[in-house]
Amino acid sequence: DAMVIQNPRYQVTQFGKPVTLSCSQTLNHNVMYWYQQKSSQAPKLLFHYYDKDFNNEADTPDNFQSRRPNTSFCFLDIRSPGLGDAAMYLCATSRGQGREQYFGPGTRLTVT
Amino acid sequence: GEDVEQSLFLSVREGDSSVINCTYTDSSSTYLYWYKQEPGAGLQLLTYIFSNMDMKQDQRLTVLLNKKDKHLSLRIADTQTGDSAIYFCAESIQGGYQKVTFGIGTKLQVIP
């Protein structure tokens with residue numbers, strides 16, 4: 001089945017220690033998104049790739065970076081995680097911008 | 001700017017119908033979506049409606065769109081305990097970059 005996969009499902013990192021979350025997709029969608037979701041809140045878009053073009057949201061901290069080496073994979077790098085970065089991180093894909101998005105199961109990040 | 005509002009909580013008895021409501025502010029919305037999120041999981045696309053439609057039905061789900069009042073609803077017929085989840089309303093705005101904006105989510109509790 002075509003799907004969006006996120007690894008790991010749970011990640012624990014130490015304050016200030018860089019961490020990378022990964023996302024892969026078999027849908028062959030050209031757009032990939034990273035969202036941050038905190039408890040009882042809506043998902044907050046961090047950035048997205050339209051093909052190879054990176055689009056950062058204006059309020060996304062510099063601490064968050066992303067890489068998309070090919071169509072299938074996209075990574076979220078948090079350079080120096082703070083306690084406030086503990087959240088669920090959701091990857092999504094779509095065929096074109098503004099269309100229905102398909103989400104992965106998320107990675108729950110804990111910062112100690 | 002765009003804004004999507006939902007009530008936070010809805011409780012229904014198993015077998016009854018559930019109606020989850022959403023209002024949005026941007027009249028240039030092109031697509032409106034309903035997503036379901038179960039605890040600890042990603043968002044699952046349930047259904048979506050194009051803004052030139054006023055109703056869409058898919059098995060137990062009925063979406064109604066009142067474009068004049070900018071009001072979207074999701075009706076779940078014969079609600080089951082497995083329908084207990086958070087339901088997010090979302091819209092995408094016509095334009096060069098069709099960002100999807102999510103509401104805060106309505107928690108549906110189904111009482112057996």
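The chains referred to below are lettered A, B, ... by the order of the sequence lines, with proteins before strands, and numbering in each begins at 1.
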Hey, is A:Cys23 close enough to A:Cys74 that the SGs sit under 2.5 Å? no

A:Tyr50, part contacting chain B, at a heavy-atom distance under 4.5 Å: neither

Does A:Ser66 use its side chain to pair, donor to acceptor, with the backbone of A:Phe75 at less than 3.5 Å? yes

is_close_aromatic(A:Tyr89, A:Tyr35), centroid dist under 6.0 Å: no

Under 4.5 Å from any heavy atom of chain B, what part of A:Gln37 do you find: side chain, backbone, both or neither? side chain

Any donor-acceptor N/O pair, A:Ser22 side chain to A:Asn7 backbone, under 3.5 Å: yes

Could you look at B:Phe102 and say if it's the side chain, the backbone, both or neither that has a heavy atom under 4.5 Å from chain A? both

Against chain A, label B:Gln37 side chain, backbone, both or neither, depending on which of its atoms sit under 4.5 Å from a heavy atom there. side chain

Heavy-atom pairs under 4.5 Å with chain B are the metric here; pick the option from A:Ala92, A:Cys91, A:Pro43, A:Gly106 that has the most. A:Pro43

Looking at B:Gln6 and B:Gly105, would you say the former's side chain and the latter's main chain have a donor-acceptor pair under 3.5 Å? yes

